[in-house]
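A note on names: the letters A, B, ... follow the listed sequences, proteins ahead of strands, and every chain is numbered from 1. What you see is a predicted model; the values in this text were computed from it and never measured.
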There are 2 protein chains.
Amino acid sequence: MQDKPVTQNDVGVAFSRHDHAHCADATLARAEAAALTRGARLTPVRRRALEILLEEHRALGAYEVLDRLAADGFGKQPPVAYRALEFLVENGLAHRVRRLNAFTACMHPGETHMPVFLICRVCHAVAEASATPVRAALDRAAAELGFTVERTNVEALGLCPACHDLACTGVST
Amino acid sequence: MQDKPVTQNDVGVAFSRHDHAHCADATLARAEAAALTRGARLTPVRRRALEILLEEHRALGAYEVLDRLAADGFGKQPPVAYRALEFLVENGLAHRVRRLNAFTACMHPGETHMPVFLICRVCHAVAEASATPVRAALDRAAAELGFTVERTNVEALGLCPACHDLACTGVST
DNA sequence: CTTGACCTGTTATGTCATAACATAGACAAG
DNA sequence: CTTGTCTATGTTATGACATAACAGGTCAAG
C-alpha cells in the first residue's frame with residue numbers, strides 16, 4: 001500500500017508536465033484499491049466513467065461523460081452518467097466541481113480529504129490543492145459561530161502557472 | 001460613512017436572533033451607498049431583487065426571485081431575474097451560492113471580501129463567515145503550485161447552532 | 001427456484017440558465 | 001427638437017443540467 005510510484009508531488013499534478021498515461025493508470029489503480037477496501041463495487045460503467053474522467057486534468061460535464069459511455073456501448077440516457085458519477089463521488093473517487101457543473105477524478109482516492117480546487121479559467125485545467133490548512137481555517141471560522149461543518153466546496157478560479165506566464169509575455173498579439 | 005448602526009457582530013447574523021427588519025434596512029442602506037460609490041445604478045428591479053434577497057437569511061433560486069418580481073409588476077421571464085441578480089453579484093451586493101444554485105444578499109456590501117458561506121442543511125439558513133484566514137490559507141496553497149487566485153467559492157454545508165442543538169436534544173420523536 | 005438487494009437501462013419531466021431580438025427612456029451632439 | 005448612442009427592461013425560444021419513476025436483469029442467500 002505504500003509502493004505508490006508517484007512521479008511527482010501528487011498535489012497539483014494537473015499543472016506540471018508529466019507522463020499522464022502513467023499518472024492516470026496509477027490513480028485508477030489506487031481507486032480500485034480504495035473501492036475494494038470500502039466494499040464498493042467498481043462495475044464496468046463506473047470504472048469506465050472514472051477512466052474517462054482520468055483522461056484529462058479537467059472537469060467534464062455529465063453529458064460529456066454520457067456521450068463517451070454511450071459510444072462505448074453503455075446506456076445513453078442521462079441517469080446512466082449521473083448514477084455512475086454519483087457513485088464515484090460518494091466513494092471518494094471523483095469530485096463535483098460546482099462552479100463548472102462538472103466532475104473530475106479524485107487524484108488521491110482513499111485518503112479522506114476535503115478537496116480544494118484550483119480552476120484555470122483559460123485552459124480549464126483543474127488541480128486539487130493541499131487542503132488541510134484551508135480546512136483548519138474554515139473550521140475555526142465556523143466554530144466561532146457555533147456552526148458544525150460536514151461537507152465543503154472550496155473552489156478558486158484563476159490562472160494556472162502556464163497560462164499566467166503566457167498572459168504576461170504574450171500580451172502583444 | 002462610519003456611522004454604521006450595526007446591531008451585532010455583522011458576521012454570522014444569520015444564526016443569531018435579531019431585529020431582522022432593522023438588519024435588512026441597514027444592509028440595504030449600505031448597499032445603496034456602495035452602489036453610489038461605484039457608480040452602479042440600483043434601478044427599481046435591481047433594488048427590489050435585493051430587497052427580496054434581504055427578506056430572509058437564506059438563498060433564493062432565480063425563479064423564486066423572478067416570481068416575486070413578477071408579482072410586483074416587473075417582467076416575468078427568466079432573464080429579468082438573472083440580469084438583476086447578475087448585476088447584484090457583479091457589484092458585490094449579493095452572492096451566488098453554487099451548492100444551492102441560488103443567490104443570497106451580501107451582508108456587508110462595499111467592503112471587498114471573499115465570501116465564505118455556512119449553509120445549514122436543516123433550516124437552510126446561510127451565513128457569511130469571517131473569510132480572511134481562509135483566504136490566506138487558500139492563497140498559500142495556490143501559491144505553492146504557482147496558481148493565481150482571482151475569484152473563489154467557499155461553501156460549507158452542516159448544522160447551524162440552533163439545528164445542531166435540536167438534533168442533540170430532540171432525537172426522541 | 002424464489003426472494004431480496006443491487007445494478008443497469010428506459011421514458012418522461014423538472015429545474016436552472018442564456019442567446020437573440022424588440023422596445024423604451026436618458027442624454028449628449030448636432 | 002431631432003438624431004444617434006447607451007443602457008435597461010422586456011420578450012420568445014432554446015439550451016444545459018438533473019432527477020423521478022418504472023422495467024428488466026443478475027446473483028447470492030435461503
Side-chain angles (χ1 to χ4, degrees), chain A residues 32 35-36 38-53 58-91 93-104 119 124 153 155 157, chain B residues 32 35-36 38-53 58-91 93-104 119 124 153 155 157:
Chain A
E32 283 181 316
L36 206 67
R38 286 180 124 252
R41 296 176 47 189
L42 194 58
T43 60
V45 225
R46 293 168 176 174
R47 192 192 146 99
R48 185 72 194 111
L50 181 54
E51 285 172 10
I52 290 167
L53 292 182
R58 67 179 184 99
L60 273 67
Y63 279 69
E64 205 169 342
V65 172
L66 177 58
D67 287 345
R68 319 275 242 93
L69 288 175
D72 291 348
F74 295 102
K76 52 185 175 185
Q77 306 305 324
V80 170
Y82 279 100
R83 280 198 288 239
L85 291 167
E86 185 189 16
F87 170 89
L88 296 174
V89 170
E90 292 287 290
N91 289 278
L93 308 181
H95 298 293
R96 187 168 197 153
V97 182
R98 308 214 78 116
R99 175 139 214 152
L100 305 174
N101 291 324
F103 299 83
T104 192
I119 308 162
H124 303 114
N153 294 107
E155 304 174 4
L157 192 70
Chain B
E32 283 181 316
L36 206 67
R38 286 179 124 250
R41 296 175 49 190
L42 195 57
T43 60
V45 225
R46 293 167 176 175
R47 193 193 146 98
R48 185 71 195 110
L50 182 53
E51 285 172 11
I52 290 167
L53 293 182
R58 68 179 182 98
L60 273 68
Y63 279 70
E64 205 169 343
V65 172
L66 177 58
D67 287 345
R68 320 274 243 94
L69 288 175
D72 292 349
F74 295 102
K76 53 185 175 184
Q77 306 305 325
V80 170
Y82 279 100
R83 280 198 289 238
L85 292 166
E86 184 189 16
F87 169 88
L88 296 174
V89 170
E90 292 288 288
N91 289 278
L93 308 181
H95 298 292
R96 188 167 196 152
V97 183
R98 308 214 81 114
R99 174 137 215 154
L100 305 173
N101 291 325
F103 299 83
T104 191
I119 308 163
H124 303 114
N153 293 106
E155 304 174 3
L157 192 69

Nearest whole angstrom, please: distance from the [atom2] of [N] to the [atom1] of [X].
{"X": "A:Q77", "N": "C:dC7", "atom1": "CD", "atom2": "C1'", "result": "17 Å"}
{"X": "A:R99", "N": "C:dC16", "atom1": "CZ", "atom2": "P", "result": "19 Å"}
{"X": "B:L100", "N": "C:dC16", "atom1": "CG", "atom2": "P", "result": "10 Å"}
{"X": "A:D72", "N": "C:dG9", "atom1": "CG", "atom2": "P", "result": "11 Å"}
{"X": "B:E64", "N": "C:dC16", "atom1": "CD", "atom2": "C1'", "result": "13 Å"}
{"X": "B:K76", "N": "C:dA17", "atom1": "NZ", "atom2": "C1'", "result": "20 Å"}
{"X": "B:F103", "N": "C:dC16", "atom1": "CZ", "atom2": "P", "result": "11 Å"}
{"X": "B:L66", "N": "D:dT11", "atom1": "CG", "atom2": "P", "result": "9 Å"}

Consider the side chain of [X], meaning its heavy atoms from C-beta on, and name the nucleotide among [options] that approaches it most closely.
{"X": "A:Y82", "options": "D:dC17, C:dC7, C:dA17", "answer": "D:dC17"}
{"X": "A:V45", "options": "C:dG9, D:dT12, D:dT7", "answer": "C:dG9"}
{"X": "B:P78", "options": "C:dT18, C:dC7, D:dA18", "answer": "C:dT18"}

>> What contact category does A:R98 fall into here, base, sugar-phosphate, or nothing, at under 4.0 angstrom with non-hydrogen atoms?
In response: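 Result for A:R98 = nothing.
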>> Mind checking if A:F74 touches a base, just sugar-phosphate, or nothing, with heavy atoms under 4.0 Å?
In response: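 A:F74: backbone/sugar contact only, no base atoms under 4.0 Å.
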> Of B:G61 and A:T43, whose nearest nucleotide on DNA chain C comes first from the 5' end?
Replying inline: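 Between the two, 5'-proximity favours A:T43.
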>> Could you go through B:L42 and B:F87, starting from their C-alpha distance and side-chain angles, then the distance that decides it, and tell me whether this counts as side chain to side chain contact (heavy atoms under 4.5 Å, CB included)?
In response: CA-CA 9 Å; B:L42 195 57; B:F87 169 88; 4.0 Å; yes
> What pair of heavy atoms forms the shortest contact from A:A59 to A:L100, and how long is it?
Replying inline: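 That would be CB-CD1, 3.9 Å.
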> Pick the nucleotide of DNA chain D nearest each of B:Y63 and B:N101; which residue has the one closer to the 5' end?
Replying inline: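 Closer to the 5' end of DNA chain D: B:Y63.
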> Between A:R96 and B:R41, who's closer to the 5' end of DNA chain D by nearest nucleotide?
Replying inline: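 Closer to the 5' end of DNA chain D: B:R41.
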> Side chain of A:R96, backbone of A:V89: donor and acceptor closer than 3.5 Å?
Replying inline: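 No, A:R96 side chain to A:V89 backbone: no donor-acceptor pair under 3.5 Å.
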>> When you measure from the side chain of B:R48 to the backbone of B:L69, do you find a donor-acceptor pair of N or O atoms at a distance under 3.5 Å?
In response: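 Checking the backbone N and O of B:L69 against the side chain of B:R48, no donor-acceptor pair under 3.5 Å is found.
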>> Suppose we screen for salt bridge (Lys or Arg N to Asp or Glu O under 4.0 Å). Which residues come up paired with B:E155, at least two apart in sequence or across chains?
In response: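 B:E155: no salt bridge (Lys or Arg N to Asp or Glu O under 4.0 Å) contacts found.
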>> Please evaluate residues A:R98 and B:N153 with respect to the criterion side chain to side chain donor-acceptor pair (under 3.5 Å), reporting the C-alpha separation (whole Å), side-chain torsions for both, the decisive distance (0.1 Å), and the verdict.
In response: CA-CA 9 Å; A:R98 308 214 78 116; B:N153 293 106; over 6 Å; no
Return the polar atom pairs (N/O with N/O) between nucleotides 20-24 of chain D and the protein under 3.5 Å, or none.
none

>> Side chains of B:L53 and B:L85, heavy atoms from C-beta outward: is any pair under 4.5 Å?
In response: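 Yes, at least one pair of side-chain atoms sits under 4.5 Å.
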